[in-house]
Amino acid sequence: MYAKCGAIDAAAKVFDHLHVKDQVSWNTMISGFDQNGFSKQSLSSFCLMLRNDIQPSNYAIISTLSSLSDIVMCRQVHNLVLKHGMSGDIVLENALLSSYAKSGEMDSCECLFRKMADRRNGVSWNSMISGYIQNGLMQKAMDFVWFMIHNGPKMDGFTFATVLSACASIAALDSGMEIHAFGIRSHLETDVVVGSALVDMYGKSGRIDYASRVFESMNSRNEFSWNSMISGYARHGNGDKALKVFREMQQWGQEPDLVTFVGVLSACSHAGLVEEGSKYFESMKNHGLVPQMEHYSCMIDILGRTGKLNEMEDFIKKMPVRPNNLIWRTVLVACRRSKDGAKSGIWKQASEMLLELEPENPVNYVLISSMYAYRGRWEDVAKTRTAMRTLPVKKEAGRSWVTLHDGLHVFVAGDRSHPNTEEIYAKLHVLIQKIRDEFALYDIDMETKEELLSYHSEKLAVAFVLTRSCRVPIRIMKNLRVCGDCHSAFCYISKIVGRKITLRDCNRFHHFENGKCSCGDFW
DNA sequence: TTAGGGTTAG
């Protein structure tokens with residue numbers, strides 16, 4: 001009872017005072033720790049139980065497994081299962097599948113899944129799909145879904161929610177719509193979790209109109225549904241609608257949480273609503289919420305974006321917690337965007353703090369060097385660039401991808417692995433030449449010019465689409481933020497090719513048309 | 001009286 005009510009200390013005290021501890025009491029204690037998020041204690045209780053010569057039951061093993069994400073421990077528990085002749089218990093094997101997946105061991109998962117043969121149930125299939133997704137193997141996950149549709153059990157709400165979330169993360173609109181259609185046929189669109197996942201998927205895939213339609217038709221909504229709708233509008237730069245949904249949420253009686261306020265504040269930031277942003281930030285305490293770094297970062301973004309650098313500086317000084325790397329990076333971005341940013345003293349502080357906190361993150365070096373470039377401090381630009389090359393700087397996994405009728409095409413900067421590489425580069429060279437001729441980039445410094453014309457992943461993706469004859473609008477996705485130079489290049493390209501280009505980065509949507517971007521918001 | 005798979009931000 002105590003464990004179920006979250007009073008794990010009281011539960012542990014009662015357990016300690018038990019004269020006789022049988023299998024069930026150990027099981028209850030282990031699962032109590034697990035359910036309350038104390039995975040280490042769950043594992044140590046399990047080990048203690050073994051040392052006390054108590055035979056581990058499947059209940060204890062399953063509870064222990066559900067909090068395990070360590071491959072060595074996972075293998076040891078698996079050996080224990082085999083030793084005690086417990087393989088064949090479907091719940092236990094499913095727990096093993098999900099632990100292997102959490103440990104990043106999809107090979108072991110596949111091996112076990114094959115051995116389970118006829119015993120597999122819906123949970124086993126769902127565990128495999130979410131395992132692929134957790135490990136970033138999106139294409140394998142989607143292949144597995146189609147395999148399940150033809151060879152596996154009927155998909156349930158768990159499957160749909162998992163798969164829709166995967167579609168959302170790669171903005172695979174077509175696959176998401178197919179899954180939606182399957183969901184309707186399975187009468188699962190009334191499930192609140194599936195509905196929320198649909199709202200999120202459409203919001204992240206550029207169809208905010210569909211997201212809204214699904215949201216409006218939902219019979220019941222939870223905090224996930226409201227948050228997905230609010231963040232969806234914020235991501236699309238529609239601040240007013242995001243705030244309208246936020247007001248409706250409160251009228252509906254749904255209490256906002258920390259995630260809600262990230263959505264609300266980022267909506268205010270994109271819409272330039274400084275007063276409203278401050279008001280909502282202050283109102284968090286009325287809901288019993290303590291602002292986290294993300295909320296402080298949003299406020300700094302709001303102040304920085306509207307050029308209020310002095311207010312931004314005051315806000316940072318008054319922060320009750322020590323600013324972290326996220327905060328300082330937001331400051332640098334704000335300074336770079338502002339006309340007076342280069343004159344402001346805070347960008348120097350921000351750059352020093354960033355290099356101290358994250359000396360190996362190349363993003364910081366790029367931001368700092370471009371600020372030096374704006375100030376014409378070429379020696380410092382060169383120094384920062386050299387530091388970036390010589391330090392053990394981690395390579396960013398910056399990827400862009402595009403979905404066409406023949407599947408997903410993924411690019412990294414300077415990529416030459418695509419089968420049509422020659423054709424793609426030829427197209428990109430033509431574009432670059434046109435940009436040179438048409439826009440005569442004489443007034444741009446060399447540094448920016450090089451960046452603007454380099455082979456970043458999103459430019460390779462757009463060049464690839466242009467090698468195909470289809471005339472549909474171009475939709476490119478990127479897992480990192482779009483840099484300012486690529487942003488400018490996309491403005492040029494949209495004018496040259498006379499086509500709409502939508503680029504979704506980790507943060508929001510950018511719609512380019514006729515040489516302009518709808519949001520005017522770049523890094 | 002104990003057990004496995006699901007959705008939201010950054």
Side-chain angles (χ1 to χ4, degrees), chain A residues 1 3-4 11 15 22-35 56-68 86 89-99 101-102 120-131 133-134 153 155-169 188 191-201 203-204 211 214-215 218 221-232 234-235 249 254 256-267 292-298 301 324-327 329-330 481 506-508:
Chain A
M1 185 275 285
K4 273 195 176 157
F15 179 75
D22 65 357
Q23 253 194 359
V24 175
S25 42
W26 280 100
N27 297 346
T28 314
M29 196 62 248
I30 293 166
S31 74
F33 277 130
D34 172 45
Q35 282 160 10
S57 71
N58 45 359
Y59 282 91
I61 294 177
I62 290 160
S63 297
T64 309
L65 275 173
S66 69
S67 56
L68 267 190
M86 286 163 148
D89 179 333
I90 181 68
V91 182
L92 209 159
E93 284 177 316
N94 286 342
L96 268 171
L97 276 181
S98 102
S99 289
K102 271 189 254 168
R120 298 168 194 152
N121 62 10
V123 179
S124 330
W125 287 81
N126 292 345
S127 302
M128 289 301 289
I129 296 169
S130 73
I133 294 166
Q134 280 163 27
M155 297 202 288
D156 60 11
F158 283 80
T159 329
F160 280 101
T162 311
V163 176
L164 286 169
S165 152
C167 294
S169 71
L188 279 165
D191 182 319
V192 67
V193 181
V194 173
S196 308
L198 276 169
V199 172
D200 181 52
M201 184 276 291
K204 282 184 178 156
V214 172
F215 181 74
M218 286 173 77
R221 295 170 188 162
N222 63 13
E223 68 270 36
F224 288 82
S225 340
W226 290 99
N227 291 348
S228 298
M229 196 67 245
I230 293 170
S231 316
R235 194 176 290 115
M249 173 183 189
Q254 176 71 56
D257 62 11
L258 289 169
V259 179
T260 318
F261 277 99
V262 173
V264 167
L265 294 175
S266 82
Q292 307 292 300
M293 278 302 174
E294 290 74 23
H295 305 96
Y296 285 106
S297 170
C298 284
D301 198 45
N324 67 357
N325 52 338
L326 177 67
I327 299 287
R329 206 159 31 242
T330 313
R481 283 199 196 192
C506 65
N507 207 25
R508 52 172 295 124

Take the protein atom [atom1] of [X] and the nucleotide atom [atom2] of [N], then report the distance between them rounded to whole Å.
| X | N | atom1 | atom2 | answer |
| --- | --- | --- | --- | --- |
| A/Phe224 | B/dT8 | CZ | P | 7 Å |
| A/Asp89 | B/dG5 | CG | P | 14 Å |
| A/Trp226 | B/dT8 | CH2 | P | 18 Å |
| A/Trp125 | B/dG5 | CH2 | C1' | 14 Å |
| A/Gln134 | B/dG6 | CD | C1' | 11 Å |
| A/Asp191 | B/dG6 | CG | P | 14 Å |
| A/Ile129 | B/dG6 | CD1 | P | 11 Å |
| A/Gln254 | B/dT8 | CD | C1' | 12 Å |

query: Do you know the tightest heavy-atom contact between A/Gly263 and A/Ile230?
result: C-CG2, 3.9 Å
message: Please determine whether side-chain contact (heavy atoms from CB on, under 4.5 Å) holds for the pair A/Arg235 and A/Asn507, giving the CA-CA distance in whole Å, both sets of side-chain angles, and the decisive distance to 0.1 Å.
response: CA-CA 7 Å; A/Arg235 194 176 290 115; A/Asn507 207 25; over 6 Å; no
Under 4.0 angstrom, heavy atoms only, what part of the nucleic acid is [X] near: base, sugar-phosphate, or nothing?
| X | result |
| --- | --- |
| A/Ile90 | base |
| A/Gly157 | base |
| A/Val199 | nothing |

Test side chain to side chain donor-acceptor pair (under 3.5 Å) applied to A/Thr260 - qualifying residues, sequence neighbours left out: A/Asn227, A/Asp257
message: Among residues at least two apart in sequence or on other chains, which ones pass side chain to side chain donor-acceptor pair (under 3.5 Å) with A/Asp200?
response: A/Lys204
Taking 4.0 Å as the cut-off, does a side-chain nitrogen or oxygen of [X] come that near to OP1 or OP2 on [N]?
| X | N | result |
| --- | --- | --- |
| A/Arg221 | B/dT7 | no |
| A/Lys204 | B/dA9 | yes |
| A/Ser165 | B/dT8 | yes |

query: When only distance counts, do a donor and an acceptor, one from the side chain of A/Asn121 and one from the base of B/dG5, lie under 3.5 Å apart?
result: no
Audit row: A/Arg221, A/Phe215, side-chain contact (heavy atoms from CB on, under 4.5 Å) steps and yes/no: CA-CA 8 Å; A/Arg221 295 170 188 162; A/Phe215 181 74; 3.7 Å; yes
